[in-house]
Amino acid sequence: MSASLNKVTQTLKEVIDAPIASYFESCVHCGLCAEACLFYTETGDPKYTPIHKVEPLRRVYEQEYTLLGRLMKMVGLSKPITDDELEQWQELVYDSCTMCGRCSLVCPVGNDIVYMIRKFREGMAVSGHVPDGIRSATRRTVEIGGPMGLKWPAVANVLKHAEENTGLTIPVDKEGADYLVLLSSMEIVNYPEYIEALAKVFHKAGISFTLASDAFEATNAGIQIGASDIARVIVSRIVDAAERLKVKYVLSPECGHAYMAIRWEGPNLIGRPYGFKVVHVLELLDQLRQEGLLKMKDTFKDPLILHDPCQIVRRGGVLQAPDALIRQVAENYIPIADQQKWNWCCGGGGGASAIHTEEAEALRARAFGVKKRQIEAAGVGTVVTFCANCRITMEEALDHYEMNTKLIGLTELLAEHLED
Amino acid sequence: MNELQLLTWARGPGLDIAVGIFVLGVLWRLIEIYTLGRKKDLAAPRRAAGASGLHTVFRRSLAPPGMLKRSPVSYIGGYTFHIGLAIIVFLGAPHILLISNLTGLSWPALPAQLIDLVAVVTMAAMLVMLFDRITKPAKRFLSTFEDWFTWTVTFLPVLTGWLAVQHLLLPYTTMLALHILSAEILLIVLPFTKLFHAFTLFGSRWYNGSANARKGVPV
Amino acid sequence: MTLDVIPIHVANQPPGEPGLSGNAPPLLREVAEQVRRLLESGEPSAIDLSALPLTSADLDWLQEKLGAGEIAVTLQAGGESTLDETACPGVWWVTHRNEQGAVTSQFIEVAFVPELVKAHPEDVAIGLETLAFMISDHQGDAD
Amino acid sequence: MQGPLIDTLARQGVSRRTFLKYCATLASMMALPPAAGRAMAEAMAAARRPSVIWLPFQECTGCTESFTRSHSPTLEGMIFDMISLDYQETLMAAAGHQAEEARHTAMRDNAGKYLLIVDGSIPLGVDGAYSCIGGRSNVDLLQEAAAGAAAVIAVGTCAAYGGIPKANPNPTGAVSVSDIVKDKPIVNIPGCPPIPVVMTGVLAHYLTFGSLPELDDKGRPKAFFGETIHDRCYRRPFYDQGKFAKTFDDEGARRGWCLFELGCKGPVTYNACATVKWNGGTSWPVESGHGCLGCSEPDFWDAGGFYKALSVPADPLGFTAAAAMVGAGAGVAGGFANRAKKSTAKKTHEPVTLDDLEVPK
């Protein structure tokens with residue numbers, strides 16, 4: 001067995017647990033998970049059936065942790081995993097899985113397939129069977145500080161602009177603030193309006209907040225690539241900063257997997273509960289709305305639909321806030337059929353949007369078909385979302401299909417119509 | 001060996017062996033699977049109504065929104081043959097007698113003609129499911145020897161039971177012996193094949209439900 | 001003590017008389033066919049009613065349809081047998097009973113005279129011998 | 001006593017019409033067409049009665065009782081009018097050497113033509129010493145008599161299939177007639193005891209057509225053993241409705257419901273009791289409130305108990321508790337091994353670095 005394969009099995013042996021065992025034993029090959037996966041529904045290619053994407057993991061489970069499997073392995077009746085195989089599975093595990101978790105909601109025997117993918121990626125990552133795009137994003141995050149290679153001076157520059165535009169101060173490294181605000185590189189570079197909107201809201205509500213110069217980046221390529229050790233390094237920066245600055249809350253930005261990383265995976269990565277609370281920006285906004293602190297001066301008139309980012313809604317549990325907030329600001333909000341926890345992914349989650357091979361991009365464009373139909377069926381020109389990654393994925397897809405649809409971030413939309 | 005001896009063997013040593021292996025297998029597999037354990041989730045939980053492991057154990061028995069339309073054969077066929085099997089196994093008079101003999105529990109049976117009808121419907125549903133497995137790309141793609149094997153092993157007891165009652169193909173005694181033997185094969189292979197989902201699906205649903213319930217998502 | 005005193009009552013029929021099975025009406029055609037054959041070729045025939053899947057309601061129906069004719073023969077031979085002509089001449093309803101009175105077999109016989117009614121030549125010959133004895137006895141007495 | 005049958009009957013006061021009537025009923029029972037009854041009567045009336053040698057082996061005389069218990073000239077009783085019974089230990093007046101002499105004479109005079117009736121099983125243990133007549137073992141006597149027989153009729157379950165003597169643990173090494181006689185036609189008339197009229201039917205068939213009736217795969221006349229007790233049972237509708245007597249004195253038993261749950265073997269027993277009945281058509285076991293024991297089937301004595309329903313275990317399950325222990329043991333052992341393996345993997349865990357993410361060389 002090659003050294004890398006050895007690493008794979010060692011790693012998988014560590015991560016395989018009772019739920020994974022139970023899931024594999026329960027699978028009856030009914031194929032219903034395929035019907036929940038946009039890569040299958042949009043391509044019709046059965047290799048995209050979610051449970052098939054973790055087939056090597058199943059074999060390792062069977063060979064290592066079942067008595068019969070061990071016997072079979074001993075007498076040489078089982079098929080060991082190979083590097084070639086993992087190479088082949090890389091596309092299935094990364095390019096064509098956005099970890100949207102829709103399959104986990106339909107499996108009739110209750111298998112949490114996305115949980116299995118997440119574990120399987122641990123093994124894929126340690127053996128280097130990962131797409132270049134995610135690998136380099138991870139490297140940049142660890143070595144430079146963010147997936148896009150953004151450094152603090154550039155961020156400080158954006159903050160300065162925001163202060164100028166809003167006339168409000170944006171505190172940095174301020175000890176004892178209520179909220180530590182995190183950002184995602186994508187917001188800093190592409191949607192700086194988010195920072196301005198946030199400043200306005202905090203100011204209006206009279207809440208103290210701060211940014212940390214050594215922990216401004218919320219995203220965590222480590223959990224996308226599936227390397228917990230690396231994810232831990234990245235999340236520790238935020239935890240350290242939050243504890244150093246003694247904040248009560250850490251505010252997760254409009255970014256799906258960032259929320260997953262800091263809110264749900266973080267404590268498990270560092271091995272202890274936090275001394276602070278992690279709040280998603282929409283949760284905060286909805287709380288302010290309920291307290292009457294989020295008053296609109298006017299409403300947005302164009303008909304629009306809402307795209308629920310998987311990691312925040314279905315997998316993150318922020319279920320009610322987005323709907324309540326959009327109704328606050330949009331006059332012609334059109335609810336769509338598959339919404340909230342039943343939403344369809346944009347096609348770029350789980351690190352997929354960082355993969356820039358021709359095949360991956362073509363596949364993403366096809367997978368966007370379901371979203372495209374939703375937009376067309378609703379007959380709207382505007383889509384509101386609250387994840388920078390969804391937004392950039394959809395922008396690329398809309399360009400690809402030459403659709404004239406406008407994308408707006410929810411926080412930004414609220415800020416625009418906020419009472420002065 | 002004549003057919004009465006075969007029947008007596010099936011009812012005697014055969015049943016003993018089959019039930020023995022079944023009990024052995026079920027306990028072994030359950031312990032093997034669930035002692036693997038899992039890490040405690042350290043993230044602060046979020047509570048939501050209707051989100052818990054137990055909720056999911058029950059909720060997953062219903063087709064999720066939109067799925068019935070996407071895959072009607074899987075759901076309607078699946079429901080039909082699962083419910084059919086349950087009716088036959090738990091409401092057929094001879095089966096109740098067996099259960100009562102093994103456990104001491106007893107309840108009223110359904111008329112034989114009704115069980116007959118259910119058996120026919122169940123077999124039809126299973127054949128439709130088989131056809132579906134052959135023709136539907138995702139299912140066909142996932143299918144291994146085990147899938148065809150377990151289908152056969154599940155189908156045979158229904159078929160032989162029905163043939164025995166209908167006096168078709170072979171004398172009743174032989175068919176009854178084959179029926180009991182096929183049910184014994186089913187018992188023996190159940191813990192070691194995907195048929196074990198009959199036990200693990202509760203654990204799986206519960207794990208999925210409770211993990212997501214911590215995030216406040218009723219799944 | 002009679003049997004009814006014993007508190008075990010055996011229901012010979014399930015509750016609610018099983019009705020007509022629908023097997024009786026075609027038998028009428030069969031009988032008609034046999035009668036036709038009897039007329040054309042003089043060949044007698046019979047239908048074994050106990051070999052057919054008939055309910056007691058079917059038998060009643062059949063018996064009622066065929067009706068009663070002019071001749072009713074009673075035979076005392078190892079239990080009572082009845083050979084009754086039906087309303088259709090040439091069609092006989094034959095019932096054999098054992099010594100306990102239970103029906104052992106039942107037929108519809110199509111014949112000018114049921115076979116069993118006719119005396120066998122050998123028996124007739126024996127009868128003739130008996131007659132000859134009687135005559136010689138009588139002559140002896142007269143002498 | 002070598003004249004035509006009809007004369008013998010006449011001497012006993014059986015009229016020709018009575019005989020005709022019996023033949024009609026017999027034909028009906030054997031599922032032969034009505035015309036066959038007539039043909040049978042004609043043929044039999046004129047037939048010369050075949051010589052019959054009746055050998056009793058390991059038996060209880062129940063079969064003989066069954067045939068001889070009819071007081072009046074009934075169908076069953078006619079058996080003895082139809083044959084020239086030259087040797088039957090229980091019935092014959094002769095004994096000892098005289099009886100042996102009678103058998104030898106019959107065998108010599110009718111060589112190749114006589115019928116051999118056997119009741120009882122044949123013990124093979126200790127060279128057949130378990131059952132001897134006049135110092136000769138049963139197997140020896142059977143082989144000698146079978147050699148010159150036209151056909152063998154094995155009467156009763158013991159002769160047909162070994163019966164009760166063959167039941168576990170079969171101390172005498174009992175076997176059936178067909179286990180020993182391989183070169184003669186054999187008709188099995190099983191039952192404990194068998195239905196007498198079946199014997200009459202077989203003999204009538206033999207006398208009428210000169211051949212044995214059609215047999216099933218267990219050597220039984222199909223006409224009588226073609227269907228199960230269950231299929232011909234008047235209580236069958238209750239089975240179909242799911243109405244069962246649970247004890248011999250409950251409401252269900254009083255109302256005549258199905259006896260399946262009380263261990264009735266009707267569903268797997270091929271015999272004619274339900275239609276022919278017993279004691280001159282008076283009743284039969286199920287009608288009397290007791291389930292069928294399955295006495296006409298091979299090995300009925302060891303078929304899991306007379307009072308155990310067919311769908312319940314024939315023997316108490318013996319492995320289950322042990323299997324549960326072994327299963328739990330294997331599971332726990334596997335569980336420990338798995339956990340050890342997992343903790344080793346964790347202990348030897350080397351932190352994943354960025355370099356690990358690179359493509360393996």
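Only this structure's heavy atoms are used, side chains among them; waters, hydrogens and symmetry mates stay out.
Taking chain B as the reference chain and counting heavy-atom pairs below 4.5 Å, the highest number among A:D17, A:N268, A:D338 is found for A:N268. Between chain B and the options A:V106, A:V318, A:T41, the largest number of non-hydrogen pairs under 4.5 Å is found for A:V106. The most heavy-atom pairs under 4.5 Å with chain B, out of A:G31, A:S22, A:G316, come from A:S22. Annotation: maximal heavy-atom pairing with chain B below 4.5 Å, among A:I20, A:T66, A:I51, A:D45, occurs at A:T66. Heavy-atom pairs under 4.5 Å with chain B were tallied for A:R263, A:E265, A:R272; the largest tally goes to A:R263. Ranked by heavy-atom pairs under 4.5 Å with chain B, the list A:L68, A:L67, A:V313 is led by A:L67.
Of the atoms belonging to A:Y61, it is side-chain heavy atoms, and not backbone ones, that fall under 4.5 Å from chain B. Proximity to chain B (any heavy atom under 4.5 Å) is restricted, for A:T49, to the side chain, taken from C-beta onward. Heavy atoms closer than 4.5 Å to chain B are found in both the backbone and the side chain of A:W264. For a residue to count as touching a neighbouring chain, one of its non-hydrogen atoms must lie under 4.5 Å from one of that chain's; by this rule A:K277 does not touch chain B. Contact annotation for A:L32: both backbone and side-chain heavy atoms come within less than 4.5 Å of a heavy atom of chain B. When heavy atoms are compared at a cutoff of 4.5 Å, A:C107 approaches chain B by way of both its backbone and its side chain.
Within the 4.5 Å cutoff, the side chain of B:P137 has heavy atoms near those of the A:Y40 side chain. Inter-residue side-chain proximity for A:R315 and B:V217 is flagged as unmet; no heavy-atom pair is nearer than 4.5 Å. The side-chain heavy atoms of B:F199 and A:S26, taken from C-beta on, include no pair separated by under 4.5 Å. When side chains are defined from C-beta on, B:N208 does not count as touching A:N111, because their heavy atoms never get closer than 4.5 Å. Contact annotation: the side chain of B:V219 never approaches that of A:K341 to less than 4.5 Å [non-hydrogen atoms, C-beta and beyond].
Here B:F141 contributes atom CZ and A:H52 contributes atom NE2; the two are 3.5 Å apart, rounded to the nearest 0.5 Å. Here CG of B:D147 is found 5.5 Å from NE2 of A:H29. Values are rounded to the nearest 0.5 Å. Atoms OH and CD, from A:Y65 and B:E32 in turn, are 11.5 Å apart once rounded to the nearest 0.5 Å. Rounding to the nearest 0.5 angstrom, the gap separating the CG atom in A:L319 from the CZ atom in B:R46 is 7.5 Å.
Between B:K69 and A:E35 there is no salt bridge, since none of the side-chain N atoms of the basic residue sits less than 4.0 Å from a carboxylate O of the acidic one.
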Practice task
Walk me through it: do A:R314 and B:K215 pass the test side chain to side chain contact (heavy atoms under 4.5 Å, CB included)?
Solution key: CA-CA 9 Å; A:R314 174 167 48 241; B:K215 298 179 184 170; over 6 Å; no

Exercise for the section: Just do the side chain to side chain contact (heavy atoms under 4.5 Å, CB included) check on A:Y115 and B:Y207 with the steps written out, would you? Expected result: CA-CA 11 Å; A:Y115 177 88; B:Y207 278 140; over 6 Å; no

Handout entry: Residues B:L201, A:V28; criterion side chain to side chain contact (heavy atoms under 4.5 Å, CB included); working and verdict
Key = CA-CA 10 Å; B:L201 87 94; A:V28 292; over 6 Å; no

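Here the shortest heavy-atom pairing between B:A138 and A:P46 reads CA-CB, 3.8 Å.
No side-chain donor-acceptor contact under 3.5 Å links B:H197 to the backbone of A:C27.
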